[in-house]
Every structure is written in C-alpha cells, then in structure tokens.
Amino acid sequence: MVSKTAVNNANAPDMSSFFNWGLKIRDMEELFLITGRPAWTADGSVISPNDPVAQTKYILDDIERYMRENGYTPEDLIRIEYTFTTAVPKEKYQEVFGLFAGFLQDVEVKPAACTLRIVDSLGLEGLCVEYEFWAAK
C-alpha cells in the first residue's frame with residue numbers, strides 16, 4: 001500500500017485544504033495517470049460552455065466515478081494539474097478551488113499540485129478548464 005507524507009513549505013501560503021507543496025511517496029506498486037479531463041461528453045459535446053464552476057463540478061463527479069471503476073479513490077491521488085483558459089475570470093478561481101477543497105475534504109494526505117496553467121484555448125469552443133490526475137497504490 002502506498003505511503004504518502006505531506007511536506008509543508010513554511011515559505012509558501014497554506015493551501016492544505018486542497019493540495020500540499022510537497023509529497024513523499026513510498027511503497028508504490030502502481031501509478032494511474034488520468035489524462036487532461038475537460039467537461040465534455042463521450043460524443044464531444046461541451047458541458048456548460050464557458051462556465052468554469054459548472055465544468056469543474058462535472059469533471060470532479062466524472063473523475064471520481066472513473067477512478068472508482070478502476071479501483072481508485074480520491075484518497076489515492078498524489079498530484080493534480082490545473083489548466084484554465086484566459087476566459088476564466090480571476091474572481092472564479094476561489095470558487096473553482098473551493099470545489100477541489102470539497103472534493104478532497106475527506107482525503108487525509110492531500111495530493112501535490114502542479115503550476116496552474118493559463119492557456120488561450122482548450123481545443124473546443126466553450127471549454128475553459130481541464131485537470132490531470134495522478135493516483136498511486
């Protein structure tokens with residue numbers, strides 16, 4: 001079973017409600033990389049165009065289902081990468097990150113996070129957020 005240890009950075013803001021600045025991983029047997037997940041359906045239809053909060057809710061619900069179908073839970077997350085488009089208003093950032101805090105509220109050791117990327121486009125009109133998830137057992 002994977003052992004996760006959070007590593008605080010006293011010189012950085014406290015973001016521990018949804019990520020750690022560092023994470024030590026021991027005894028890992030398997031790594032599950034989940035590709036960037038935008039808010040679209042299997043037929044390519046965009047969910048809640050241009051709404052980063054609704055898209056994030058959709059993605060988190062879908063990712064939790066997808067992880068469970070593959071034998072993982074949010075507790076197994078070790079890294080999350082965030083990508084926003086320039087269309088996401090800065091006043092929505094806290095609401096989006098609040099959704100992640102809620103998603104991870106029962107996770108004892110939060111995953112490490114990557115730099116928030118801001119890009120011009122995510123490939124389809126109306127997509128404004130995308131997240132990559134790494135899980136380990």
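Two residues are said to be in side-chain contact when any heavy atoms from C-beta on lie closer than 4.5 Å; Trp134 and Ile80 fail this criterion. Residues Thr85 and Leu127 fail the side-chain proximity criterion, which asks for heavy atoms closer than 4.5 Å.
Not one N or O on the side chain of Glu132 forms a donor-acceptor pair closer than 3.5 Å with the backbone of Leu33. Side-chain atoms of Asn70 do not come within 3.5 Å of backbone N or O of Met67 as any donor-acceptor pair. The main-chain N or O of Gly22 is never found under 3.5 Å from a side-chain atom of Asn20 such that the two would form a donor-acceptor pair. At distances below 3.5 Å, at least one donor-acceptor pair connects side-chain atoms of Thr56 with backbone N or O atoms of Pro52.
Geometrically, Lys137 engages Tyr72 in a cation-pi contact, judged by NZ or CZ lying under 6.0 Å from the ring centre and within 45° of the ring axis.
Clustering ILVMFWY residues whenever any of their side-chain heavy atoms sit less than 4.5 angstrom apart, transitively, puts Leu122 in a cluster other than the one holding Val53.
Counting only residues at least two apart or in different chains, salt bridge (charged side-chain N to carboxylate O under 4.0 Å, His left out) contacts with residues 21-46 comprise Arg37-Asp62. Residue pairs meeting the salt bridge (charged side-chain N to carboxylate O under 4.0 Å, His left out) criterion with at least one partner in residues 88-110, sequence neighbours excluded, are Lys92-Glu95. Applying the side chain to side chain donor-acceptor pair (under 3.5 Å) test to residues at least two apart or on different chains, none of the pairs has a partner in residues 118-129. Under the ring-ring contact (aromatic ring centres under 6.0 Å, His included) criterion, the residue pairs touching residues 98-122 are Tyr82-Phe100, Phe100-Tyr131, with sequence neighbours excluded.
The shortest heavy-atom contact between Leu23 and Ile78 is CD2-O, 3.3 Å. Minimum heavy-atom separation, Gln55 to Asn50: NE2-N, 3.6 Å.
For Trp21, the ring-ring contact (aromatic ring centres under 6.0 Å, His included) test picks out Phe19, with sequence neighbours left out. Residues satisfying the salt bridge (charged side-chain N to carboxylate O under 4.0 Å, His left out) test with Glu75, not counting sequence neighbours, are none.
The aromatic ring centroids of Tyr93 and Phe84 lie less than 6.0 Å from each other.
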